[in-house]
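Computed from a predicted structure; not experimentally measured. First the proteins, then the strands, lettered A, B, ... as listed; each starts at 1.
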Amino acid sequence: MSGNGAMLAAEDGVEAALIGWLKETLNKDIFDALLMPVRTPAGDSFAYLLLQDPAILDGASPLPPVMPVQGGKAIGRLTMHGDGSKRIAAVVRPCEARAAIELAKLEQAHLDNVYLITLDCSGVLPLADYLEDPVAGADRFREASSAWDRSPMRPTCQICDRFSIRQAPGSDLHVGTLGCADGTAVLVAGSPKGERILEQMGMRAEDETKRTDALDAALAAWGTRVDEVGDAQTERRREVQRELQETIAGAEKLLDVFRSCINCHNCQRACPVCYCRQCYFESGALKLPPENYLARAERKGALRFPPDTLLFHIGRASHMAISCVSCGACEDACPTAIPVGQVFSLLGERAQEALGYVAGVSLEDPLPLVSYEMDELHDVEQPYVETYRNQEVQDA
Amino acid sequence: MPEEATSSTFASERLHINKGAEETVRELLRSLLESGKVDAVLALGRTGNGSGGVAYSLFRDPAAFEADGDAVPLLPFMPANAGGLLSRLTLEGALDEPVAAMIRPCELRAFVELVKLSQGSLDNVLLISSTCGGVYPLDADIDGRLEEKLPEYWEGVARGELSDDARPTCRACQHFVPEGADITVALLGEADLDTECTLQLNTERGATFASEVEGTPISEKPKSEAIDRSQSEREAFREELFAGVGVGLKDLIHTFGRCIGCHGCKTVCPICYCHLCYFDSQNCERPTGYYEGELVRKGGLRVPSDTVYFQLGRMAHMAVSCVGCGMCTDVCPADIPVSTLFSKVGAAAQAVFDYEPGRDVAEEIPLRTFEEEEFAQVAT
């Protein structure tokens, strides 16, 4: 990776530098359109905008203080039904790119003409915290993110250890800022698609004239710092998850974690990976005649109504935990402040570990639930001969 | 169970009880279960072991209504609009045996609307409600903080006043005296609600089910002073609240600009009963070429799109039945005053048809009826 990078002058900050660079890509016809966060008309939040008019870029923010919609979901929405004819640069955070990659593997997004551009990410503020006072929120975010202080960020961001392309490979281009000298950033290609863009922009580092000691030094400094911060984050993540595991282990504790759930299913709707048009838990399948509910209430003395609150969360987890990218969108959307993102992030990580999988870091790694290895079911299989031969002999 | 009696043929009775309102309600619900008069009671209950956590439950064990039981029938909190829950309970078939529901006036109205929309059945549902002092927003219960607010809440209710922290929609509510309840518990403006209670038995069914309640029939008219005062206070607040939100297209684009598209408002809305909302359906999943076309036409477009379209569509579908319960505002992660907007538009739509959602199950929903002369103004 280190070979395919370029310096990005960022005297006015990395956001302005990237926006300037993106404008150039539009002017040079390298991309046809951009998908990126832009300030909403009232100025109090951000939304993903697909744009081709460089003038609109003035309200754009590659790293906004909040993540109202997960970028992977936006990319999925855009390309659900197939590749488009336009080359689109999608400027998203690493967890959003990972979600887009999971969706592509689930055939819910098509990335042939989408160029995923990510940035080193220090997290986002919880939406509710930010919306209390968007102006103060933006200030708080700017201060914290420039110091790489994750304490005011989403709980899942606080323990994120895949905040850069080095731990979340998969994007086509990445803007590295950690460890870079003031006023500079590095642009790193993560794929042949990304390399082609650098080449088209006349920035490809393998071109001898562009390759300088300064670039090598900057890439090395960035890489070292990202790895250091990443290791520290991994340690922190383990520690926090160990504590969390204590509080959710077993059905009783899990029930208690979800005691305030009101069944709005906002978590499922905000989740980039939950792509079902209609969730099983909202379908007719669980709508039953009154006798059923009354019988269940009789058995237990009382039946929480609507029923199946915990079943919904467990069902959702079993459907999507393997693809969970730990973004925390679910927790942001929860009206009763359930730590649903932290719980799902932990469940997801454990499930992915068990299957030797990491969600969203490669388009090629097969999804565990849709792939099969000849030897993987040995421990649960019952050989046919041993099980049925005697029976067959008897029957004969 | 006797045939449902309408209030027009049954002269309502009032019963004075020498116990506080909370105790009266708990005893009534417990005795209904114990005597087998009802199979179950739908009421609020505590969930989980920790602090906080309130949900409706279908109670069958009378012990839940002991003073220290799980049930909290009068807790000023609405984790779900119970109208939607009663619809869920009776959607696949009417109840064979009576079930009592202790619910708020807007929940009762929502259920009546749903019954009109063929989403449930009133058969065998004993409706118990109260003169309502409003509920706290959902976020008031985070970390068990709701408990701390209760003394202040009940002092306010006794005076006939609402807490400033109640849902804004409650403070603006015009229908806090239940219509169509079998039994009404008088709460608002009842100075001595800790020690005494008045039950109003509005229907023959209500009188039959409450026959074992020990109380003195009273003939005096219900005290209306506090109710009237609350009505005018809420009316004034409502005007203020409505004035604060614009419903022009530009206003809506601004207000819903921060919508995250979770459609939680639709999910918790008791009136929005569709299995699959049109806006979540395949019809709104656009081919990639659609976005590219819009991009050329407009220069830029929001993705996912249809943000305001969803709100307008939902409004067009349900505003005439909107009961103004406020669930939508409470559930919104982006802090959008959804309920205020929908109530404001709903009130205007309802005024056009002189319609009041949930007032009377026999009253047809305007969108399902037709009067010959009503299209004269648009006919060519």
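Interatomic distance, CD1 of B:Ile142 versus SG of A:Cys334, reported as 8.0 Å (0.5 Å rounding). The CE atom of A:Met80 lies 9.5 Å from the CD atom of B:Gln282; values are rounded to the nearest 0.5 Å. The distance from the OG1 atom of B:Thr90 to the OH atom of A:Tyr293 is 10.0 Å, given to the nearest 0.5 Å. For the atom pair B:Glu292 CD and A:Asn113 CG, the distance stands at 8.0 Å (nearest 0.5 Å). Once rounded to the nearest 0.5 Å, the distance linking CG of B:Leu295 with CG of A:Leu50 reads 4.5 Å. Taking NZ of A:Lys287 as the start and CG of B:Leu91 as the end, the distance is 7.0 Å to the nearest 0.5 Å.
Under the 4.5 Å side-chain criterion, counting only non-hydrogen atoms from C-beta, A:Leu51 is not in contact with B:Leu301. You'll find the side chain of B:Lys266 reaches within 4.5 Å of the side chain of A:Arg269, heavy atoms only. No side-chain heavy atom of A:Pro335 sits under 4.5 Å from any side-chain heavy atom of B:Asp139. Taking the side chain as every heavy atom from C-beta outward, A:Arg304 and B:Thr47 approach each other to under 4.5 Å. Counting only heavy atoms from C-beta outward, the side chains of B:Tyr290 and A:His81 never approach each other to under 4.5 Å. Put simply, the side chain of B:Glu285 reaches to within 4.5 Å of the side chain of A:Arg77, judged on heavy atoms. Annotation: side chain of B:Leu276 is not in contact with side chain of A:Glu282 (no heavy-atom distance under 4.5 Å). A 4.5 Å side-chain heavy-atom check between A:Lys86 and B:Tyr291 finds every atom pair outside the cut-off.
The nearest pair of heavy atoms linking A:Thr40 to B:Arg302 is CG2-NH1, 4.1 Å. Residues B:Gly299 and A:Ile56 come closest through the heavy atom pair O-CD1, 3.7 Å. When all heavy atoms of B:Leu89 and A:Pro290 are compared, the closest pair comes out as O-CB, 3.3 Å. For the pair B:Val296 and A:Gln52, the tightest heavy-atom approach, listed with the atom from each and the gap, is CA-NE2, 3.7 Å. A:Asp308 approaches B:Arg88 most closely through the heavy-atom pair OD2-NH2, 4.4 Å. Among all heavy-atom pairs drawn from B:Ile260 and A:Ala333, the shortest one is CD1-CB, 4.2 Å.
A:Asn263 touches chain B through its backbone: at least one of N, CA, C or O sits under 4.5 Å from a heavy atom, while the side chain does not. Contact annotation for B:Thr255: neither backbone nor side-chain heavy atoms come within less than 4.5 Å of a heavy atom of chain A. Residue A:Leu34: no heavy atom, backbone or side chain, is found under 4.5 Å from chain B. Neither the backbone nor the side chain of A:Thr309 comes within contact range of chain B; no heavy atoms are under 4.5 Å apart. Residue A:Leu310: no heavy atom, backbone or side chain, is found under 4.5 Å from chain B. Contacts between A:Asp332 and chain B at a heavy-atom distance below 4.5 Å involve the backbone alone (N, CA, C, O).
Between chain A and the residues B:Asp330, B:Asp335, B:Asp280, B:Leu138, the largest count of heavy-atom pairs under 4.5 Å involves B:Asp280. Top candidate by heavy-atom pairs under 4.5 Å with chain A, chosen from B:Pro137, B:Ala334, B:Ala40, is B:Ala334. Here A:Cys264 is the residue among A:Ala55, A:Ser260, A:Cys264 with the most heavy-atom pairs under 4.5 Å with chain B. Of the listed residues B:Thr267, B:Val268, B:Val331, the one with more heavy-atom pairs under 4.5 angstrom with chain A than any other is B:Val331. Among A:Asp44, A:Asp53, A:Ile88, A:Ile338, the residue making the largest number of heavy-atom pairs under 4.5 Å with chain B is A:Asp44. Counting heavy-atom pairs closer than 4.5 Å to chain B, the top residue among A:Cys267, A:Gly82, A:Gly76, A:Ser85 is A:Ser85. For the set B:Asp70, B:Leu85, B:Thr307, the entry with the most heavy-atom pairs within less than 4.5 Å of chain A is B:Leu85. In terms of heavy-atom pairs under 4.5 angstrom with chain B, the leader among A:Ala329, A:Ala42, A:Pro307 is A:Ala42. Ranked by heavy-atom pairs under 4.5 Å with chain B, the list A:Thr336, A:Thr79, A:Leu127, A:Leu78 is led by A:Leu78.
Salt bridge status for A:Glu298 with B:Arg60: present, with a side-chain N to carboxylate O gap under 4.0 Å. Between B:Asp61 and A:Lys300 no salt bridge is recorded (no basic side-chain N to carboxylate O distance below 4.0 Å).
A donor-acceptor pair under 3.5 Å links the side-chain atoms of A:Gln278 to the main chain of B:His275, judged by distance alone. Distance alone, capped at 3.5 Å, places no donor-acceptor pair between the B:Thr288 side chain and the A:Gly84 backbone.
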| request: Take A:Ile262 and B:Met78 through the side chain to side chain contact (heavy atoms under 4.5 Å, CB included) test and state the conclusion after the steps. | output: CA-CA 9 Å; A:Ile262 62 156; B:Met78 194 185 288; over 6 Å; no
| task | Could you please spell out the steps behind the side chain to side chain contact (heavy atoms under 4.5 Å, CB included) verdict for B:Val303 and A:Val69? | result | CA-CA 9 Å; B:Val303 182; A:Val69 170; over 6 Å; no
